[in-house]
Novice: 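First, the structure itself, so that you have it in front of you.
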Amino acid sequence: LEILVIRSPIASGSLLGIDCPHLPSGYHLITARDIPGENRLSFPAELVPILAYDRLNYYGEAVALLAGSDIRILRELAEECTVEVKEQKGHFDTRKFSADTLAGKQRIDMGDCEEAFEEAAYVVESTMRIAAQEHWYPEPHTAFARFEYDKLILSTGTQWPFHVRNSVAA
């Protein structure tokens, strides 16, 4: 079985639909509506949809999967698919930040912070701007699933095996 991802053509907006040609026998278009359970992966500060349902959050976001036996046919079908959207203005300038554009937040307090500030000889407050940073994970961002009788076997190279297990279970 081969899988090809259909992606968002815009950075921000609403997903209105996916217009796909008639699919040959054995070929399937899978959307968020086809996912049983929860259509999301949870990360420490946010919930990320597996496939976009109605809201498009970034250019290239996965909106559907085309599945079938021949990747060449899938590529031809994908060329004929149209992602119908209603585009909204995206947020690209971090200097115009507001709470509604916050993607994630994490706070770590160790000990009694207020007491430490009160006892400190000096308290320095400042603003710092840095470019976006991301740790490069050397493992592939993918997983392979198969059934062995009544068990789903999931294989993935990850630093978060329990996160993957919990996400698939949801």
Side-chain angles (χ1 to χ4, degrees), residues 1-94 96-98 100-104 131-148 150-161 163-170:
L1 181 68
E2 301 284 343
I3 305 267
L4 196 138
V5 181
I6 306 295
R7 298 188 177 276
S8 170
I10 61 172
S12 181
S14 301
L15 175 61
L16 304 177
I18 302 167
D19 185 26
C20 195
H22 175 75
L23 299 176
S25 179
Y27 287 78
H28 306 278
L29 180 71
I30 302 163
T31 67
R33 290 173 177 79
D34 300 314
I35 296 175
E38 298 185 35
N39 175 38
R40 60 130 180 101
L41 297 174
S42 61
F43 290 98
E46 60 188 297
L47 297 176
V48 178
I50 296 168
L51 295 174
Y53 184 75
D54 56 0
R55 174 93 186 110
L56 297 171
N57 299 293
Y58 58 91
Y59 177 80
E61 181 174 10
V63 298
L65 303 173
L66 273 174
S69 59
D70 188 331
I71 193 68
R72 291 172 301 182
I73 293 174
L74 289 175
R75 287 184 184 126
E76 290 171 9
L77 293 168
E79 288 293 321
E80 296 180 42
C81 288
T82 304
V83 179
E84 299 170 18
V85 299
K86 180 180 179 187
E87 189 167 10
Q88 295 171 342
K89 185 177 179 185
H91 300 281
F92 301 104
D93 188 350
T94 58
K96 297 178 182 176
F97 173 78
S98 67
D100 64 330
T101 61
L102 183 66
Q133 298 181 29
E134 176 61 37
H135 169 71
W136 177 73
Y137 297 98
E139 73 269 7
H141 296 275
T142 188
F144 175 75
R146 69 184 188 286
F147 279 103
E148 285 185 7
D150 62 344
K151 291 183 181 178
L152 177 66
I153 306 298
L154 186 66
S155 301
T156 182
T158 182
Q159 297 176 17
W160 293 9
H163 173 264
V164 172
R165 181 192 64 190
N166 294 342
S167 295
V168 171

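For this chain, numbers begin at 1 and follow the sequence in order.
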Novice: Do you know which two heavy atoms are closest between Leu56 and Ser8, and how far apart they sit?
Specialist: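 For Leu56 versus Ser8, the nearest heavy atoms are CD1-OG, 3.7 Å.
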Novice: If I take atom NE2 from residue His28 and atom CG from residue Leu77, how far apart are they, to the nearest 0.5 angstrom?
Specialist: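 That separation rounds to 12.0 Å.
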Novice: Determine whether Thr82 and Ile18 make a side-chain contact, defined as any pair of heavy atoms from C-beta on separated by less than 4.5 Å.
Specialist: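 No; the side chains remain at least 4.5 Å from each other.
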Novice: Are the side chain of Asn39 and the backbone N or O of Arg33 linked by a donor-acceptor pair below 3.5 Å?
Specialist: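 Side chain of Asn39 to backbone of Arg33: no pair is present.
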Novice: Please report the interatomic distance CD(Glu61) to CG(Leu51), rounded to the nearest 0.5 Å.
Specialist: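 It comes to 9.0 Å.
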Novice: How far apart are the closest heavy atoms of Ile71 and Glu2, and which atoms are they?
Specialist: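 Scanning both residues, the minimum pair turns out to be N-CG, 3.9 Å.
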Novice: Indicate the atoms forming the closest heavy-atom contact of Gly60 with Arg7, along with that distance.
Specialist: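 Closest pair (atom of Gly60, atom of Arg7, distance): O-NH1, 2.8 Å.
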Novice: Rounded to the nearest 0.5 Å, what separation is found between the CG atom of Leu74 and the OH atom of Tyr27?
Specialist: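 Here the rounded value is 5.5 Å.
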Novice: So which heavy atom on Leu29 is nearest to which on Leu23, and how close?
Specialist: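 Closest pair (atom of Leu29, atom of Leu23, distance): N-CD1, 3.4 Å.
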Novice: Can you tell me how far apart SG (Cys81) and CG (Asp19) are? Round to the nearest 0.5 Å.
Specialist: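 CG of Asp19 is found 8.0 Å from SG of Cys81.
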Novice: Identify the two heavy atoms, one from Ile6 and one from Ala78, that lie closest to each other, and give their separation to 0.1 Å.
Specialist: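 Of all heavy-atom pairs spanning Ile6 and Ala78, the closest is CD1-CB, 3.8 Å.
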Novice: So, taking the atom named CD1 in Ile10 and the one named NZ in Lys89, what distance separates them when rounded to the nearest 0.5 Å?
Specialist: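 That separation rounds to 15.0 Å.
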Novice: To check you understand the geometry: which heavy-atom pair defines the closest contact between Ala67 and Ile3, and what is its length?
Specialist: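 It is CB-CD1, 3.9 Å.
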Novice: If we only count heavy atoms from C-beta on, is the Arg146 to Ser155 side-chain gap below 4.5 Å?
Specialist: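 Contact flag for Arg146/Ser155 side chains = yes.
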Novice: Using a 4.5 Å cut-off on heavy atoms from C-beta on, say whether the side chain of Arg165 contacts that of Leu154.
Specialist: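 They are not in contact (no side-chain heavy atoms under 4.5 Å apart), so the answer is no.
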Novice: Within the structure provided, determine whether Arg55 and Ser12 are in side-chain contact (heavy-atom separation under 4.5 Å).
Specialist: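 Counting from C-beta outward, Arg55 and Ser12 do come under 4.5 Å.
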Novice: Should we count OH of Tyr58 as having more than 12 external heavy atoms under 6.0 Å?
Specialist: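 Result for OH/Tyr58: enclosed.
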